[in-house]
Q: 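Sharing a structure below in structure tokens format, with a few things to ask.
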Amino acid sequence: MDDKLFVIAIGGTGMRCLESFVHLCAIGMFDNEEINILTLDTDQSNGNKGRVERLIELYNKVKTDNPDNPGGSPNTNTYFSAKLNLYKFYTDYSKANRSSYLKLSATQGTDKQTEQDDSDLADLFLEHDTVQSFNLEHGYRAQTHLGSMLMYHGIIEAARHYNADKSKATAPEKDLVDFLSKLQQSSAGARVFVFGSVFGGTGASSIPVVPEALKEAINVISQNTIDFNRVKFGATLLTEYFSFKSPSEAQRKNEKLIASSDYFAINSQAALQFYQQDRTVKDRYKRLYHVGWPAQELDVTGDKQQTITGGAEQKNACHVVELMCACAAYDFFGQDDNNLKNKTAQYLYRSVEEDDSGNLTFKGTDFVDATKANEFLQKMGSFLVLAHLVLSKHAGAIPQVGMSKANIGTRGLISWLDEFKITDYNDMRQEQTEEIDNFMKEFAYSIDAGALVRGWIYQVYNSVRAVGASKFLFATNIFEENIKTLASMDPVKEIQEEKKAGLIIKTDKRETYDDFIKKLPNAKPQQNGTQSVSTMKERFLAHMYNAINATIPFSAMLS
């Protein structure tokens with residue numbers, strides 16, 4: 001496509017949707033694309049925000065070590081094929097005079113009557129002792145009427161501050177302006193997808209105002225404005241999909257106002273009713289993807305045994321609905337221009353089927369269009385196999401006693417290739433191989449103190465297993481959690497459904513690790529042409545991509 005791609009992740013839930021999006025980029029779903037990503041929050045220390053930002057930085061390290069070209073270049077038909085540019089912005093409420101609406105709205109240099117009039121007006125719309133008084137650092141706490149106003153003005157304020165004196169601009173303000181400049185340079189050939197929930201505070205507050213705020217901020221920093229009527233916006237409308245223990249009365253009293261999952265359902269209903277009627281939402285957005293899930297209770301208590309709704313400790317596990325949201329962005333970015341010429345927003349949703357026993361079954365077509373399902377299944381499956389080759393087969397996550405770094409993980413796989421006269425990657429440095437190992441741990445699993453720690457795909461799988469799903473894309477054994485079983489796993493074999501041949505002797509006909517090894521000599525990457533890989537890491541990853549996909553019949557798995 002010719003359009004430039006932009007992603008905005010808002011609030012804690014938006015950050016987890018972005019995490020799934022980054023993994024879609026890692027498996028190779030966004031071939032030959034450069035994507036500009038803005039993380040947008042009120043909570044600069046949010047754990048989910050920090051986690052996904054570190055993931056993107058690790059993604060870029062895997063792609064290239066060249067400081068002159070951070071994030072490398074887009075590729076095709078390989079892993080990590082998209083180039084990601086990360087910009088980080090948050091509305092700063094850390095200073096004492098900005099920590100609450102009361103302090104933000106305080107006027108100076110006016111007479112007492114004017115101050116009283118301002119206070120009375122605010123009290124008409126915002127409850128004085130709670131809404132106007134709570135600390136804003138951890139988000140808008142489902143006060144969307146307050147949050148929309150503050151987020152809009154926070155973006156405009158940052159643009160004005162930067163424009164007034166660039167030398168005094170903060171790092172978040174510079175990142176915001178850089179993102180806006182990229183958007184402005186794209187002219188009308190831009191697609192912007194917004195990740196956010198509608199049951200909380202920051203996301204629900206921001207989805208309606210982000211298009212207008214970006215438009216006005218660009219007007220502030222540049223005279224070369226763009227026609228925002230031609231910029232294509234899409235967004236997720238993610239309703240409540242988890243709950244948590246209600247905060248104690250002591251915590252409510254201490255924090256003035258705090259999020260409670262008891263109100264998530266009604267918050268979602270109110271937000272959706274507003275979006276359905278709001279002219280700005282209807283006119284600016286081309287597609288709104290409505291995603292929901294039966295709420296499951298999460299443990300969000302920390303060391304202090306109180307409800308955590310923000311800050312560095314907020315690191316909620318990933319969930320299948322966030323993958324669905326990431327796939328919504330994939331759908332939006334892949335749409336033909338003719339499908340996005342509607343004058344008012346289209347609402348879309350997709351349902352998941354049940355098997356004969358009433359259990360959910362997840363197939364490729366539950367996440368992407370049928371024309372893309374085979375590609376999705378192939379790329380997700382091959383990357384999961386690569387993760388297990390690195391972490392399980394070659395002990396990147398579970399090194400045995402006495403094994404050196406030269407014999408584990410990606411380094412160990414490269415050493416094993418040398419046994420088969422494939423020496424192309426012997427000069428890859430230890431830190432480069434460890435970057436690949438670390439990303440695979442984020443994707444699949446790691447081991448800490450002898451216990452398995454679920455990574456992204458394991459967490460997603462666990463979220464569907466918790467509701468009794470009978471299938472999630474691949475054979476169940478590929479999500480093994482027993483460490484001893486993992487150490488002896490043949491991932492090439494285990495990702496396939498078991499198939500037998502012969503009438504008397506039921507021989508297992510699944511392809512194996514040995515078949516993968518046999519494919520390697522004839523699976524070398526193309527440095528020019530369709531793959532366009534140049535660095536040693538890119539060539540190694542493309543080689544693994546080619547060999548895995550040549551070995552495993554992923555097309556036969558699609559149902």
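Basis for what follows: all heavy atoms, side chains included, without hydrogens, waters or symmetry-related copies.
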Q: Is R51 salt-bridged to E19, going by a charged N under 4.0 Å from an acidic O?
A: yes
Q: Got H543 and Y425 here, is their nearest side-chain heavy-atom distance under 4.5 Å?
A: yes
Q: Tell me, do L417 and L520 make a side-chain contact under 4.5 Å, heavy atoms counted?
A: yes
Q: Contact between Y513 and T551 at the side-chain level, heavy atoms closer than 4.5 Å - yes or no?
A: no
Q: Using side-chain heavy atoms (C-beta onward) and a distance below 4.5 Å, is L38 in contact with D175?
A: no
Q: Please report whether the ring centroid of F89 lies less than 6.0 Å from that of Y87.
A: no
Q: Are F30 and F21 an aromatic pair, judged by ring center distance below 6.0 Å?
A: yes
Q: Is a side-chain donor or acceptor of N60 paired with a backbone partner of E57 at a separation under 3.5 angstrom?
A: no
Q: Can any side-chain N or O of E419 pair as donor or acceptor with the backbone N or O of S415 at less than 3.5 Å?
A: no
Q: Would you say the side chains of T371 and D369 form a donor-acceptor pair under 3.5 Å?
A: yes
Q: Does the side chain of L55 come within less than 4.5 Å of H23's, by heavy atoms?
A: yes
Q: For residues L486 and E481, determine if any side-chain heavy atom of one lies less than 4.5 Å from a side-chain heavy atom of the other.
A: no
Q: Any ion pair linking R411 and D437 (charged N to carboxylate O, less than 4.0 Å)?
A: no
Q: Do D31 and T78 come close enough that some side-chain heavy atom pair is under 4.5 Å?
A: no
Q: So, for F443 and F383, is the gap between ring centers shorter than 6.0 Å?
A: yes
Q: For F439 and F80, I'd like to know if the aromatic rings sit close, meaning centre-to-centre distance below 6.0 Å.
A: yes
Q: Using ring centroids (six-membered ring only for Trp), state whether F367 and F376 fall under 6.0 Å.
A: yes
